[in-house]
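For reference, the structure is listed below as structure tokens.
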Amino acid sequence: MSPTLNRFAATLVEWQRHHGRHDLPWQTRDAYRVWLSEIMLQQTQVDTVIPYYGRFLARFPDLPSLAAAPVENVLTLWSGLGYYARARNLHKCAQAVMVRHGGVFPASPALLAELPGIGRSTAAAISAFAYGTRAAILDGNVKRVLARAFGIEGFPGNRKVEDAMWALADSLLPEHDVDIYTQAQMDLGATVCTRGRPACGRCPLADSCVALRDGRVAELPTPRPKKVVPERRGRFAAILAGGSVLLERRPPAGIWGGLQSLPELPEDADAADWVASRYGLAVQRVAPLPPFRHVFTHFALDLLPEAVEVTAPAASAGEPGVAWHPLDRLADAALPAPIRKLLEQLVQGQL
DNA sequence: AAAGCGGGGCC
DNA sequence: GGCCCAGCTTT
């Protein structure tokens with residue numbers, strides 16, 4: 001598309017100057033801050049990210065401090081944000097930038113995309129915001145805006161549909177003000193062209209929007225095809241002694257990879273016997289706790305927690321990755337959200 | 001309880 | 001290149 005015909009970009013850039021967001025804490029030209037925010041913003045909305053971003057930056061103000069930290073400390077600060085592979089990749093990426101690029105994020109989207117946790121869209125966003133590089137993003141906001149504005153059919157998670165959107169996004173990229181344009185697409189998608197009740201009345205693209213013209217705003221973008229999710233169940237032991245709970249680090253990959261959690265009991269084990277033999281603890285009492293369901297994208301997990309009171313333990317828990325953790329210091333633990341909630345309810349005497 | 005958000009990586 | 005992966009928020 002010739003630049004003079006690119007009304008789309010010009011309209012968005014003009015809209016952004018007056019109606020876009022200009023006070024987000026990561027709106028700087030510091031590649032470290034831009035990168036950190038973009039990773040946190042994958043799969044997570046701005047309002048959720050802001051407090052995490054602030055805490056993270058206070059603890060790891062720059063790339064070298066993050067690269068030098070143990071990954072456990074990174075996971076602790078990530079606890080509750082979800083998708084913990086992002087935190088592990090973030091840490092790996094920090095170390096890779098130190099080694100490969102002398103501690104400076106490259107400006108090239110191709111080089112950025114070779115780093116852990118950075119894909120094509122995130123690479124483009126970082127290079128556009130931090131360095132003004134001309135590169136197209138395609139996140140969920142942009143997919144929604146493009147699907148509606150241009151009437152694109154098909155689930156954007158489908159490779160063919162996504163490829164078509166990438167081609168369109170590339171063709172729409174303006175010659176100048178790519179950083180403003182990039183922020184404009186994100187902001188329009190987040191504040192006007194929302195999934196639920198889009199505010200078409202104040203959309204700068206309303207005049208030309210195909211979905212609005214055809215009355216198909218609610219049908220676009222095409223939703224993900226439905227799938228039945230398998231169900232799993234897991235028994236979890238809250239082993240308690242002297243105001244502390246026993247936490248065990250999970251394997252690095254898979255669900256809640258690398259996080260601390262309650263030990264998972266074998267399906268048919270007797271809780272008291274299992275705790276006694278595995279950890280060498282003297283069990284005083286076992287009590288079932290209310291079961292609850294946690295739903296992931298691709299499966300549902302029924303959690304069956306049990307409280308296991310033991311006599312005051314020795315200082316060491318023996319097994320590697322196993323540690324007693326004070327119940328009044330849960331904030332320091334890298335816990336998955338449902339386990340954190342369970343333990344907090346336990347502390348508050350609600351169970 | 002169900003739907004939505006969304007980029008990365010494996011096979 | 002199709003499909004699988006992963007957790008929290010919103011509705």
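Bear in mind the structure is a predicted one, so any value in this text is a computation, not a measurement.
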key: Residue whose nearest DNA chain C nucleotide is more 5′ - Y84(A) or G196(A)   = Y84(A)
ask   = What integer distance in Å separates W166(A):CH2 from dG1(C):P?
value = 16 Å
key: C1' spacing across the pair dG6(B) / dC4(C), given as an integer number of angstrom   = 14 Å
request  = Provide, to the nearest angstrom, the distance between the CZ atom belonging to R197(A) and the C1' atom belonging to dT10(C).
outcome  = 12 Å
remark   = Within residues 123-139 of chain A, those residues having any heavy atom closer than 4.0 Å to DNA chain C are none
ask   = For I118(A) and dG6(B), what is the distance between atoms CD1 and P respectively, to the nearest whole Å?
value = 18 Å
message = Measuring from the side chain of R159(A) (C-beta onward, heavy atoms only), which nucleotide among dC8(C), dG2(C), dG7(B) has the closest atom?
response = dG2(C)
inquiry  = Given W78(A), which partner from the list R88(A), H91(A), M40(A) fulfils the side-chain contact (heavy atoms from CB on, under 4.5 Å) test?
reply    = M40(A)
key: Between P of dC8(C) and CZ of F292(A), the distance in whole Å   = 11 Å
ask   = Looking at residues at least two apart in the chain, or sitting in another chain, which of them share a side-chain contact (heavy atoms from CB on, under 4.5 Å) with N89(A)?
value = K92(A), P116(A)
task = Write down the distance between CH2 (W256(A)) and P (dC5(C)), rounded to a whole number of angstrom.
result = 16 Å
message = Same cluster or not: F150(A) versus L138(A), using hydrophobic residues (I, L, V, M, F, W, Y) connected whenever any side-chain heavy atoms lie under 4.5 Å apart?
response = yes
query = Would you say R144(A) reaches dC5(B)'s phosphate, i.e. side-chain N/O to OP1/OP2 under 4.0 Å?
reply = yes
side-chain contact (heavy atoms from CB on, under 4.5 Å) against V13(A), all qualifying residues, sequence neighbours excluded = R17(A), D177(A), I180(A), Y181(A)
L304(A) with V275(A), same ILVMFWY side-chain cluster at under 4.5 Å = no
request  = Describe the nucleic acid contact of R120(A) in one word from base, sugar-phosphate, nothing, applying a heavy-atom distance below 4.0 Å.
outcome  = sugar-phosphate
query = Quick one: CG on D30(A) to CH2 on W35(A), what's the gap to the nearest 0.5 Å?
reply = 11.0 Å
List the atom pairs, with distances to 0.1 Å, where a side-chain N or O of residues 334-346 of chain A and a protein N or O form a donor-acceptor pair under 3.5 Å, not counting sequence neighbours.
unit_1, atom_1, unit_2, atom_2, d
R340(A), NH1, L330(A), O, 2.9
R340(A), NH2, S79(A), OG, 2.7
R340(A), NH2, A333(A), O, 2.8

query = With a non-hydrogen cut-off below 4.0 angstrom, is P336(A) in contact with a base, only sugar-phosphate, or nothing?
reply = sugar-phosphate
task = Report the residues that fulfil ring pair (Phe, Tyr, Trp, His ring centres under 6.0 Å) with W166(A), sequence neighbours left out, ordered by chain and then residue number.
result = none
Identify all pairs in which a protein N or O lies below 3.5 Å from an N or O of nucleotides 1-3 of chain B, and state each distance.
unit_1, atom_1, unit_2, atom_2, d
dA3(B), OP1, K226(A), NZ, 3.0

key: Contact residues, residues 24-43 of chain A to DNA chain B [heavy atom, < 4.0 Å]   = Q42(A), Q43(A)
note = side chain to side chain donor-acceptor pair (under 3.5 Å) filter on E264(A), not counting sequence neighbours, yields R250(A)
key: Pairs satisfying side chain to side chain donor-acceptor pair (under 3.5 Å), at least one member in residues 112-129 of chain A, at least two apart   = Q42(A)-T122(A), R120(A)-D170(A)
Of all pairs that satisfy side chain to side chain donor-acceptor pair (under 3.5 Å), the ones with a partner from residues 197-223 of chain A, not counting sequence neighbours = E153(A)-R216(A)
inquiry  = By nearest heavy atom, map G157(A) and A85(A) onto DNA chain C; which one lands nearer the 5' end?
reply    = G157(A)
query = Between dC8(C), dG9(B), dG6(B), which nucleotide gets closest to the side-chain atoms of Q45(A)?
reply = dG6(B)
task = Please identify each residue that fulfils side-chain contact (heavy atoms from CB on, under 4.5 Å) with A107(A), with sequence neighbours left out.
result = Y131(A), T133(A)
task = For dC5(B), take OP1 and OP2 only and decide whether either is under 4.0 Å from a side-chain N or O of Y83(A).
result = no
ask   = Toward the 5' end of DNA chain B, which comes first, P223(A) or K143(A), by nearest nucleotide?
value = P223(A)
task = For D302(A), enumerate each residue passing the salt bridge (Lys or Arg N to Asp or Glu O under 4.0 Å) test, keeping only those at least two apart in sequence or located in another chain.
result = R293(A)
inquiry  = Could you tell me how far apart L81(A) (CG) and dT9(C) (P) are, to the nearest whole angstrom?
reply    = 9 Å
request  = Output the single nucleotide from dC8(C), dG2(C), dG7(B) whose closest atom is nearest the side chain of K160(A).
outcome  = dG2(C)
message = Rounded to whole Å, how long is the line connecting atom CG of N158(A) with atom P of dC4(C)?
response = 13 Å
ask   = Rounded to whole angstroms, how far apart are CG on L146(A) and P on dG6(B)?
value = 14 Å
